[in-house]
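Being a predicted model, the structure only gives us computed values, none of them experimental.
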Amino acid sequence: MSIRILRSLIAAALLSAGLAQAAVKVGDVEFAQQQTVQQRALELNGAGLRTRLGFKVYAMGLYLRAPLADAGAILADKGEKRIRIVLIRDLEAKQFGDALQAGLE
């Protein structure tokens, strides 16, 4: 994944930073407050919904070791991270790739 795409994904997830301790629901998709990656607990830093022409396409959540609000700081952090993307519509790989790219642009 290129740095440009990763930076855009992180920026999109940051739009919803500062979440409460409970699970977060975005477009009927629940994002747990914590996820475990390589035996380390990560906190949900933000979540968002991608829509296209009024249709829900996918929901995305960003998990980090500690809350961060700056994309540069997130990219510089060498620790574990997780981006969870859940498709809401049935899409072919090319359709999903195009929707993801359009969302990043």
Side-chain angles (χ1 to χ4, degrees):
M1 183 178 296
S2 76
I3 292 295
R4 181 176 174 209
I5 291 173
L6 184 57
R7 188 174 288 142
S8 297
L9 284 172
I10 290 169
L14 285 173
L15 293 175
S16 298
L19 302 168
Q21 292 298 321
V24 173
K25 197 169 199 176
V26 176
D28 296 327
V29 176
E30 281 200 15
F31 290 91
Q33 186 59 32
Q34 286 190 338
Q35 293 258 320
T36 302
V37 174
Q38 297 185 359
Q39 302 169 351
R40 176 167 229 154
L42 302 180
E43 297 290 325
L44 182 62
N45 198 70
L49 177 68
R50 170 69 174 146
T51 60
R52 182 81 172 147
L53 301 174
F55 295 102
K56 297 174 185 175
V57 180
Y58 60 84
M60 179 176 65
L62 173 65
Y63 292 85
L64 303 172
R65 295 181 303 157
L68 295 171
D70 178 67
I74 293 170
L75 291 171
D77 181 8
K78 300 298 181 195
E80 297 85 3
K81 301 172 189 73
R82 172 172 282 172
I83 295 175
R84 179 177 174 226
I85 300 174
V86 179
L87 290 175
I88 297 171
R89 296 186 51 82
D90 288 331
L91 300 174
E92 295 179 7
K94 180 169 179 8
Q95 291 174 310
F96 173 67
D98 291 346
L100 185 60
Q101 186 66 37
L104 297 175
E105 290 173 359

Salt bridge (Lys or Arg N to Asp or Glu O under 4.0 Å) involving [X] - partner list, sequence neighbours excluded:
{"X": "R89", "result": "none"}
{"X": "E30", "result": "none"}
{"X": "K78", "result": "none"}

For Q34, check side chain to side chain donor-acceptor pair (under 3.5 Å) against everything at least two apart and list the hits.
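Per chain and number, Q34 pairs via side chain to side chain donor-acceptor pair (under 3.5 Å) with E43.
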Which pair of non-hydrogen atoms, one from [X] and one from [Y], has the smallest distance, and what is that distance?
{"X": "A23", "Y": "A32", "answer": "CB-CA, 4.3 Å"}
{"X": "A59", "Y": "V26", "answer": "CB-O, 3.8 Å"}
{"X": "M60", "Y": "I85", "answer": "CG-CG1, 3.9 Å"}

Atom CG in L62, atom CZ in F31: separation rounded to 0.5 Å?
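One finds 10.5 Å between CG of L62 and CZ of F31.
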Applying side-chain hydrogen bond (donor to acceptor under 3.5 Å, both in side chains) between D98 and each of Q95, Q101, K94, report the one that passes.
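Result: among Q95, Q101, K94, K94 is the only option passing the side-chain hydrogen bond (donor to acceptor under 3.5 Å, both in side chains) with D98.
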Contacts of type side-chain contact (heavy atoms from CB on, under 4.5 Å), residue D77, not counting sequence neighbours
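side-chain contact (heavy atoms from CB on, under 4.5 Å) list for D77, sorted by chain: R65, L68, K81.
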Run the side-chain contact (heavy atoms from CB on, under 4.5 Å) test against D28 and tell me which residues pass, sequence neighbours left out.
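Checked D28 against side-chain contact (heavy atoms from CB on, under 4.5 Å); matches are K25, K56.
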Please check this pair: side chain of Y63 against backbone of R84, looking for a donor-acceptor N/O pair closer than 3.5 Å.
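The answer is no, because no donor-acceptor pair under 3.5 Å joins these two groups.
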Please tell me if the side chains of L42 and L64 come closer than 4.5 Å, counting only heavy atoms from C-beta onward.
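Not in contact.
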